[in-house]
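Scroll down for the structure; my scribbles are underneath it.
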Amino acid sequence: MASLGWSHNRRNAAVRQTVAWCYRGGSISAEPRINDRIRVPEVRLVGPSGEQVGIVPLAKALELAQEYDLDLVEVAANARPPVCKLMDYGKFKYESAMKAREARKNQAHTVIKEMKLRPKIDPHDYDTKKGHVVRFLKQGDKVKITIMFRGREQSRPELGFRLLQRLASDVEDLGFIESNPKQDGRNMIMVLGPHKKKTEAMAEAREAQAARKADAKANPGRSQNSAEGEEHSEEAPAEAPAEANAEA
């Protein structure tokens with residue numbers, strides 16, 4: 001019984017120690033300690049412009065922070081003594097969040113698009129599929145081209161190979177063959193890689209969008225006229241059948 005009581009007390013002490021450690025700013029909180037939350041006798045102080053002030057008592061560092069109307073922020077808690085800096089913590093957090101947001105915005109994710117074709121594809125369908133491949137490559141994405149064979153088509157793999165070579169030749173200004181055509185069961189697969197990097201394509205797209213917005217803002221009448229022109233062009237084909245019937 002005594003051993004059970006001892007283990008129970010030991011377990012409770014461990015829980016209390018863990019709770020106290022978390023309360024003092026353990027790994028549960030990722031925020032640095034600032035101002036009154038700093039609990040050390042002295043700190044290595046860095047001034048607002050990055051100048052080294054030296055090792056000073058915590059009370060003196062807090063006094064300087066109040067004098068400059070700034071916060072005392074612990075930037076290196078594991079140093080001995082901890083390194084603290086005088087700064088506007090609210091402004092620092094805002095700028096850090098904006099930098100992280102911009103970094104995520106400019107981050108390039110590798111995307112592999114897929115386009116499926118048949119060996120005996122219709123010329124119109126081929127042009128449509130090729131248009132999609134061109135758009136993907138312009139966006140900086142890779143494209144996986146899959147030729148699907150059915151029935152007796154499986155005995156004519158050269159049809160798929162020639163089609164893939166034709167497509168690669170048609171888009172060679174925008175992409176290159178990253179993975180040569182290879183047979184995979186009933187399919188033949190080729191991967192096209194873009195000449196343009198994803199980050200470059202994203203930057204160009206943002207610039208084009210900004211240019212369109214600036215042009216629309218500078219010339220509001222032009223965009224309205226173009227919209228009216230599109231409406232007239234849509235109405236024009238409706239008269240064509242009447243003219244054809246008259247000629248007939």
(message) Let's go through Lys196 and Lys138 carefully: what are the C-alpha distance in whole Å and the side-chain angles of both, what is the deciding distance for side-chain contact (heavy atoms from CB on, under 4.5 Å) to 0.1 Å, and is it a yes or a no?
(response) CA-CA 7 Å; Lys196 188 181 300 181; Lys138 283 184 176 180; 5.5 Å; no

(request) Look at the side chain of His132 and the backbone N and O of Glu114, then say whether any donor-acceptor pair between them is shorter than 3.5 Å. (result) no

(request) Output yes when Glu158 and Arg156 qualify as a salt bridge under the 4.0 Å nitrogen-oxygen rule, no when they do not. (result) yes

(message) Any non-hydrogen side-chain atom of Ile38 less than 4.5 Å from a side-chain atom of Pro82?
(response) no

(message) Given 3.5 Å as the limit, does a donor-acceptor pair link the side chain of Asp141 with the main chain of Ile112, or not?
(response) no

(request) Show your working on side-chain contact (heavy atoms from CB on, under 4.5 Å) between Val43 and Val56 and close with a plain yes or no. (result) CA-CA 6 Å; Val43 298; Val56 299; 4.2 Å; yes

(request) Check the surroundings of atom CZ in Phe92: do more than 12 heavy atoms from other residues, nucleotides or ligands lie under 6.0 Å from it? (result) no

(message) I want to check something: taking the side chain as every heavy atom from C-beta on, are Ile55 and Pro81 in contact at a cut-off of under 4.5 Å?
(response) yes

(request) Can you tell me which residue pairs pass the salt bridge (Lys or Arg N to Asp or Glu O under 4.0 Å) test with a partner in residues 59-83, sequence neighbours excluded? (result) Arg33-Glu74

(request) Under 4.5 Å between side-chain heavy atoms, chaining through other members, with only Ile, Leu, Val, Met, Phe, Trp and Tyr counted: pull out the rest of the cluster around Ile145, sorted by chain and number. (result) Met115, Leu117, Ile121, Tyr126, Val133, Val134, Phe136, Leu137, Val143, Ile147, Phe149, Phe161, Leu163, Leu164, Leu167, Val171, Leu174, Ile177, Met188, Met190, Leu192

(request) Might you point out which heavy atoms bring Lys85 and Pro48 nearest each other, and give the distance in Å? (result) CE-O, 4.2 Å

(request) Check whether any side-chain heavy atom of Thr128 sits under 4.5 Å from a side-chain heavy atom of His124, and report yes or no. (result) yes

